[in-house]
**Student:** 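Please find one structure pasted underneath; my questions will follow.
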There are 2 protein chains.
Amino acid sequence: MPKKDEAPPGETVDDFDLRGFLPYLLNMAAEESSASFQRYYKGKYGMLRTEWRVLFHLGRYGAMTAKEICDRARMHKTKVSRAVAALQAKRFLTRSPWEDDRRHETLALTSQGRQAYADLAAQGKQFDRALMADFSQEEARLLRQALVRIAKL
Amino acid sequence: MPKKDEAPPGETVDDFDLRGFLPYLLNMAAEESSASFQRYYKGKYGMLRTEWRVLFHLGRYGAMTAKEICDRARMHKTKVSRAVAALQAKRFLTRSPWEDDRRHETLALTSQGRQAYADLAAQGKQFDRALMADFSQEEARLLRQALVRIAKL
DNA sequence: CGTTGTTAGTTACAAAACCAACTAATATGT
DNA sequence: ACATATTAGTTGGTTTTGTAACTAACAACG
């Protein structure tokens, strides 16, 4: 119906397609894949994505400072700062200042936080499995590898 | 960085890794791949990502209504509404109401808009090529295919 | 020492995204 | 016909993010 321009739908005027533009494709795939999982941790724990990321890092890699989370998760320090405050308010983590350098404080999950992490990690694994259900082992391996490379992880 | 498998004291090691969690991986890759391109259209045209998406759809697929953009780009109507207003203010598109149903209006790029699209599309193709530089043809094909599937495009 | 610089983290304010309510035009059902 | 529902799109108020300035603790060097 909308054909008042010179680009007829379905016909290529150039080869710059959706499927040919990787950033677009990656964003759509990322959004699609995050949607249901996000609904889960938002609904069950009232967490934002930033909070889930921080919880994830502490749960998976152990206690560390906010700075370390910034570096590992590539989040800006203000984002981390606010996420940490929110998680602390939810009693999911505690802060303990260093004695030899009081600028730092180690962030560690409480048992409540670990419980939430365990739940979300299990759920996450399930989401992941469902997502990869119709890929072969080899395809899955290649996909992950490619993404790690693009993400420069 | 160290990919050492360490667990917090008293906790069990699990296999829920960064590299094993697809939504996380996709988000990181998407962010990484969008960064430099975003800087380009933001710097040169003062566009937001939403505006670029709308411009992209109109430039690539021809004139259409806001609703069609919502559906194709999976953007919420408020986002599209505001992006359209911004692009109109920049003289990148015009609106023409339908005569038989005045709820609709066809959005079409102006020559200025088409010029911006041509520039950004060319730039985008380059970004894409650079991104895929160290993948084989076969890997690239597989990656795109997998992303299309995950994104349900 | 003290001046300057650097690092970790917070806060304040502006930009953008999100959600819900709204208008206006058309479709539908009785 | 007329009340009700639906559809396209906008607007308002709140939440979340982004940017920059800020504090506090330490480091480095004169």
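Chain naming here is simple, since letters A, B, ... match the order of the sequence lines and numbering starts at 1 in each. Here the structure is a predicted model, which is why all the values come from computation and not from measurement.
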**Student:** Scan B/Trp52, B/Phe37, B/Phe56 and name whichever one has a ring-ring contact (aromatic ring centres under 6.0 Å, His included) with A/Tyr24.
**Tutor:** B/Phe56
**Student:** Is the Lys NZ or Arg CZ of A/Arg72 less than 6.0 Å from the centre of A/Tyr61's six-membered ring, within 45° of the axis?
**Tutor:** yes
**Student:** Regarding D/dG12, can its base be found pairing with the side chain of B/Arg82 as donor and acceptor, where the two atoms are less than 3.5 Å apart?
**Tutor:**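 Looking at the base of D/dG12, it does pair with a donor or acceptor on the side chain of B/Arg82 (distance under 3.5 Å).
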**Student:** For the residue pair A/Leu120 and A/Lys44, establish whether any side-chain heavy-atom pair is separated by less than 4.5 Å.
**Tutor:** no
**Student:** For B/Lys67 and C/dT26, give me the distance from atom NZ to atom P, rounded to whole Å.
**Tutor:**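 Answer to the nearest Å: 17 Å.
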**Student:** Roughly how many Å is it from NZ in B/Lys79 to C1' in D/dT15, rounded to a whole number?
**Tutor:**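 Distance, rounded to whole Å: 14 Å.
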**Student:** Less than 4.0 angstrom between a side-chain N/O of A/Ser81 and OP1 or OP2 of C/dT10, yes or no?
**Tutor:**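 A/Ser81 to C/dT10 OP1/OP2: side-chain N or O found under 4.0 Å.
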**Student:** Separation of B/Arg39 atom CZ from D/dG18 atom P, in whole Å?
**Tutor:**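 Going from CZ in B/Arg39 over to P in D/dG18 covers 14 Å.
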**Student:** Can you measure A/Glu31 atom CD to C/dA17 atom P for me and round it to whole angstrom units?
**Tutor:**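 Roughly 12 Å, once rounded to whole Å.
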**Student:** Specify the separation, in whole Å, of atom CD1 of B/Ile69 and atom C1' of D/dG9.
**Tutor:**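 The distance from CD1 of B/Ile69 to C1' of D/dG9 comes to 12 Å, rounded to the nearest Å.
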**Student:** Side chains of A/Lys77 and A/Cys70, heavy atoms from C-beta outward: is any pair under 4.5 Å?
**Tutor:**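 In contact.
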**Student:** Taking the side chain as every heavy atom from C-beta outward, state whether B/Met47 and B/Lys42 have any atom pair closer than 4.5 Å.
**Tutor:**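 They are not in side-chain contact.
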**Student:** Counting only heavy atoms and a strict 4.0 angstrom limit, can you tell me which residues of residues 84-107 of chain A come near DNA chain C?
**Tutor:** A/Arg95, A/Arg103, A/His104, A/Glu105
**Student:** Does any non-hydrogen side-chain atom of A/Arg53 lie less than 4.5 Å from one of A/Met75?
**Tutor:**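 Contact flag for A/Met75/A/Arg53 side chains = yes.
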**Student:** To the nearest angstrom, how far is A/Gln38 atom CD from C/dC18 atom C1'?
**Tutor:** 12 Å
**Student:** Let me know the distance between NZ of A/Lys77 and C1' of C/dT11, rounded to the nearest Å.
**Tutor:**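 One finds 12 Å between C1' of C/dT11 and NZ of A/Lys77, rounded.
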**Student:** To the nearest Å, how far apart are B/Leu48 CG and D/dT17 C1'?
**Tutor:**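 Atom-to-atom, B/Leu48 to D/dT17, this comes out as 13 Å.
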**Student:** Of A/His76 and B/Cys70, whose nearest nucleotide on DNA chain D comes first from the 5' end?
**Tutor:** B/Cys70
**Student:** Between the side chains of B/Glu51 and B/Arg82, is the shortest nitrogen-to-carboxylate-oxygen separation below 4.0 Å, so that they form an ion pair?
**Tutor:**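 Not counted as a salt bridge, because no side-chain N and carboxylate O are separated by less than 4.0 Å.
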**Student:** Between A/Lys42 and A/Thr78, which residue's closest nucleotide on DNA chain D lies nearer the 5′ terminus?
**Tutor:**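 By nearest-heavy-atom nucleotide position, the 5'-most residue is A/Lys42.
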